[in-house]
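The structure under discussion appears below in the form of structure tokens.
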Amino acid sequence: VRTHSAFALGDIKPSTKEAVLSLISALKDEEKSVTSACRDALIKIGQIDIADIVYSLKDENQKAKINIAYVISKLNITENEFIPILIENLKEENSAITIPLSETLVNLGKASKENVSSISSALKDKNNKIRLSVISILGEIGSNAEQCIPDLILLLKDSDKNIRLYSSISLSKIGSNKKEVADALISSLNDQDVEVRSNIVASLGLMQFDTKKIVTILVNVLKDRYLFVRNAAESSLVKLSKYDANVVTSLIDASKSDDKYIRLGSANALGNITSANQEVIKSLKELLKDRDKDIRMAAINALGNLGSLSEDAVPELVELLKDTEPVIQFAAKSSVEKIGGLSKKAVNSIVKFLSSKNLHISTAVKKILVRIGESSIVPLTLALSDTDKEMKTAATLVLGDIGKTIKTVKEAVPALVLLLRDKEKEVQIASAFALGEIIDSDNFDKIAVGLTEALKDKESDVRYAAAE
């Protein structure tokens, strides 16, 4: 009954204060269906005295507060006078209350600079939770909160690390094109707290003022003693590369540094830059020879991330399949597979290693080509006409493995049938086994005819393979 009454009031949209207050009061009802209906009714009514709903935040009932906060976030509140009570409730521990209220304050701040002044006055509040929330709210307001930049810069020296951390983030959102913000963040890079420092580094990645200077500084930060800070520098350099072409050049230069961590960070960053070019590939190929295993790993992964752009690096990556370090072998295999799946030229390069005398390489390459699948069929089919017996045999067996799962390998079937009459017995046997694995129903007759003919071969091993 209570639920349906609330729904009815929402449809009727009464203007009486008594009806609105009744709905507000019912927001603490024990039944969820009732509170949801009341909440929706208040939002539908819309034209209500905002004071009635806002001042209901003084209610101690948490359930009521959660529902009231939600309703407030859905109403178009423009009145400056309600800002203090909204801010006062930011100290609540329940995020179901604070998030909707924060959203409302963000909208108020975007509406007028006068509202921003009212909100920013809480930066001096004695409650740290309120201060942190207000700092974040100012950041979400963005450029309309520019008047708060001096206050936020001062907070970069606050004794509370979280205040410093939140302030750096909000400053980059409010004044990404402001010299004073860039200078303040750079000056704060000597902060002794690792978490604060990593966030300041991340904030520099959002700046669009004097990026050349920032890039130079961030490259130097790549050798910070803490991993969190170094990772933040890598991410920031990647972000800045979208606006500043100088980033790529700086990272290429950094890849030649004597410092291990700068070389490592430059490899990680280069592998995530969308504007990468062949100079980047060249630098990463050089890092594949680095004396440090971690840097070789980073370069391998970076080349894999860059996909088809790295097609010319496939020979070097394949050679690493015989590295003495298992982790290097695994990383190289993964990157070769990624690149091969995106580039025909890369697949052609991979196929050439099928006949490698190194067992690590030839075995890994077979598995890679099978995983690449359909894109490998044409290059492998061409390899069937190679003069090298080992190459023909290996290509034949790989095509058989691919044919187990792919519905059609029609380009390969005629060539494989022809190999049933090859002068090399090993090639004939491989071809028979491969054709027996293929599930290509469209070419079933051709396969059957070929294998039937092979049953008459003079070599018993060939006849056995055909029968199998």
Practice problem: Mark yes when over 12 heavy atoms from residues, nucleotides or ligands other than Phe82 sit less than 6.0 Å from its CZ; otherwise mark no. | Solution: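 Counting neighbours around CZ of Phe82, more than 12 heavy atoms of other residues, nucleotides or ligands fall under 6.0 Å, so yes.
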
Could you tell me whether a side-chain N or O of [X] sits under 3.5 Å from a main-chain N or O of [Y], the two making a donor and an acceptor?
X	Y	value
Ser266	Arg263	yes
Asn272	Asn268	yes
Lys293	Glu325	no

Quiz item: Does some side-chain heavy atom of Val365 sit less than 4.5 Å from a side-chain heavy atom of Ser356?
Solution: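 Counting from C-beta outward, Ser356 and Val365 never come under 4.5 Å.
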
Exercise. Taking the side chain as every heavy atom from C-beta outward, state whether Ile149 and Lys178 have any pair of such atoms under 4.5 Å apart.
Key: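 Yes, close enough: below the 4.5 Å cut-off.
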
Practice problem: Answer yes or no for Arg197 and Tyr226: cation-pi contact, defined as NZ/CZ to six-membered ring centre under 6.0 Å and angle to ring axis within 45°. | Solution: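 No cation-pi geometry.
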
Does a side-chain N-to-carboxylate-O contact under 4.0 Å join [X] and [Y]?
X	Y	result
Asp294	Lys260	yes
Arg296	Asp290	no
Lys179	Asp183	yes
Arg131	Asp160	no
Lys212	Asp244	no

